[in-house]
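Everything numeric in this text was worked out from a predicted model, so none of it was measured. Just so we're on the same page: letters track the sequence lines, and every chain starts at 1.
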Protein chains: 2
Amino acid sequence: MYTIGEISKMFNLPIPTLRYYDKEGLLLELERDKSGIRKFNNQNIETLRLIECLKKSGMQIKDIKEFIGWCSLGDKTISKRKEMFLKQKENIENQIKELEKALAMIEFKCWYYEEAEKDGNEKRVRTITPNELPKNIKKLYENAH
Amino acid sequence: MYTIGEISKMFNLPIPTLRYYDKEGLLLELERDKSGIRKFNNQNIETLRLIECLKKSGMQIKDIKEFIGWCSLGDKTISKRKEMFLKQKENIENQIKELEKALAMIEFKCWYYEEAEKDGNEKRVRTITPNELPKNIKKLYENAH
DNA sequence: TTAATACCTAAAGCTAACTTTATGTCAAGA
DNA sequence: TCTTGACATAAAGTTAGCTTTAGGTATTAA
């Protein structure tokens, strides 16, 4: 059993954030001692790990809460929960694709400014047409557009 | 030259959002006609493409604005701009790594609920120890932890 | 000439996800 | 006994990034 301070260090989350998650209904099974102090068990830690993962993948608190609610309704919500994870999987895959497109653009810009820095100005590099670009840079340019 | 309505459709951004970007100083070189109507040229469109990319990669408006400011200061800010893109490149690479970790966790959960759905309950799948997991699933589990 | 449409501004409003503040309880050490 | 530190609550405040509202101008179509 862990106190809120210990969990705060464990997950690198401020104590008020943990209390906020609790208030929002993300930690349904969280117990208290006789004087009202929160006691986190391994189950709660697993839940927090999942919350961490879902948040990192961009899911909103209210949707995480909905999922947590389903969990507490037992076996009859298994399909719903599976569907949610399948959707979230697609979601993350799309995010990764989008980031990879952005990365191509940024890498092109890195090259661009590398050249400009060598020249001391942007004159030459600014007027290069896509066809004159080095092969690898051309690829970046195309991926970004 | 394009009107704000045309640009709105082109980028799939609401008109007020474009006006907001302008107000925030993200579209420094934006011209107006005699009656004050915004006229977007190809340069502005390039800027919007970059804004789109930087936003997609999680950069804040105020930082994009700072960068736009550097651009208007000419050659003496070339190194600064290069550094910004190098930092942003790392940033995106980290985001992708984080998303891949989250993806492993989510894929594990997909498998978990697939099994639970077959069984009609979570009993069996819940009590499987990491070592008993199928090889490919074990990998997901480990990547996620 | 009027009505619709597309533009304009300033300012207020909104939402998510915290974060801060003010106030209070409780247990342990000096 | 008193103070310190870790916990608690409710409620107000914060921030980013829009979005909506209210009111006005200018051009075109009937």
> Under 3.5 Å, is there a donor-acceptor pair between the Tyr112(A) and Glu122(A) side chains?
Replying inline: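 Yes, Glu122(A) and Tyr112(A) have a side-chain donor paired with an acceptor closer than 3.5 Å.
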>> Under a 3.5 Å threshold, yes or no: a donor from one side chain and an acceptor from the other, between Ser57(A) and Gln95(A)?
In response: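 No donor-acceptor contact under 3.5 Å links the two side chains.
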Options [options], nucleotide nearest the side-chain atoms of [X]:
{"X": "Ile61(A)", "options": "dC18(D), dC7(D), dC18(C)", "value": "dC18(C)"}
{"X": "Thr17(B)", "options": "dT19(D), dC7(C), dC7(D)", "value": "dT19(D)"}
{"X": "Ser35(B)", "options": "dT19(D), dA26(D), dT19(C)", "value": "dA26(D)"}

>> If you assign Met59(B) and Pro16(B) each to the DNA chain D nucleotide with the nearest heavy atom, which residue ends up on the more 5' nucleotide?
In response: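 In this pair, the answer is Met59(B).
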> Where each residue is assigned the nucleotide of DNA chain D containing its nearest heavy atom, which of Gln60(B) and Ile37(B) is assigned the position nearer the 5′ end?
Replying inline: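 Counting from the 5' end, the first nearest nucleotide belongs to Gln60(B).
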Taking only N and O in the side chain of [X], is any of them less than 4.0 Å away from OP1 or OP2 of [N]?
{"X": "Arg32(A)", "N": "dT9(D)", "result": "yes"}
{"X": "Lys55(A)", "N": "dC18(C)", "result": "yes"}
{"X": "Arg38(A)", "N": "dT9(D)", "result": "yes"}
{"X": "Tyr21(B)", "N": "dC18(D)", "result": "yes"}

Whole-Å distance between [N] [atom2] and [X] [atom1]?
{"X": "Met1(A)", "N": "dC7(D)", "atom1": "CE", "atom2": "P", "answer": "15 Å"}
{"X": "Glu31(A)", "N": "dA8(D)", "atom1": "CD", "atom2": "P", "answer": "14 Å"}
{"X": "Lys23(B)", "N": "dT19(D)", "atom1": "NZ", "atom2": "P", "answer": "13 Å"}
{"X": "Tyr20(B)", "N": "dA10(C)", "atom1": "OH", "atom2": "C1'", "answer": "15 Å"}
{"X": "Glu6(B)", "N": "dC7(C)", "atom1": "CD", "atom2": "C1'", "answer": "12 Å"}
{"X": "Arg19(A)", "N": "dA11(D)", "atom1": "CZ", "atom2": "P", "answer": "16 Å"}
{"X": "Ile4(A)", "N": "dT25(C)", "atom1": "CD1", "atom2": "P", "answer": "19 Å"}
{"X": "Leu18(B)", "N": "dT19(D)", "atom1": "CG", "atom2": "P", "answer": "11 Å"}

>> Between Lys62(A) and Ile15(B), which residue's closest nucleotide on DNA chain C lies nearer the 5′ terminus?
In response: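 Nearest-nucleotide comparison on DNA chain C picks Ile15(B).
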> With a 4.5 Å heavy-atom cut-off, do Met10(B) and Tyr2(B) have their side chains touching?
Replying inline: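 Yes, side chains in contact.
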> Just wondering, more than 12 heavy atoms not from Lys101(B) lying within 6.0 Å of its NZ?
Replying inline: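 12 or below, so no.
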> Is the count of non-hydrogen atoms from other residues, nucleotides or ligands lying under 6.0 Å from Glu6(B) atom CD greater than 12?
Replying inline: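 Enclosed: over 12 neighbouring heavy atoms sit under 6.0 Å from CD of Glu6(B).
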For a quick check of understanding: with a heavy-atom distance under 4.0 Å over all strands, which category does [X] fall into, base, sugar-phosphate or nothing?
{"X": "Lys34(B)", "result": "sugar-phosphate"}
{"X": "Lys39(B)", "result": "nothing"}
{"X": "Glu24(B)", "result": "nothing"}

> Taking the inter-plane angle between the rings of Phe85(B) and Tyr113(A) on a 0 to 90° scale, is it parallel (under 30°), tilted (30 to 60°) or perpendicular (over 60°)?
Replying inline: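 Rings of Phe85(B) and Tyr113(A): parallel, as their planes differ by under 30°.
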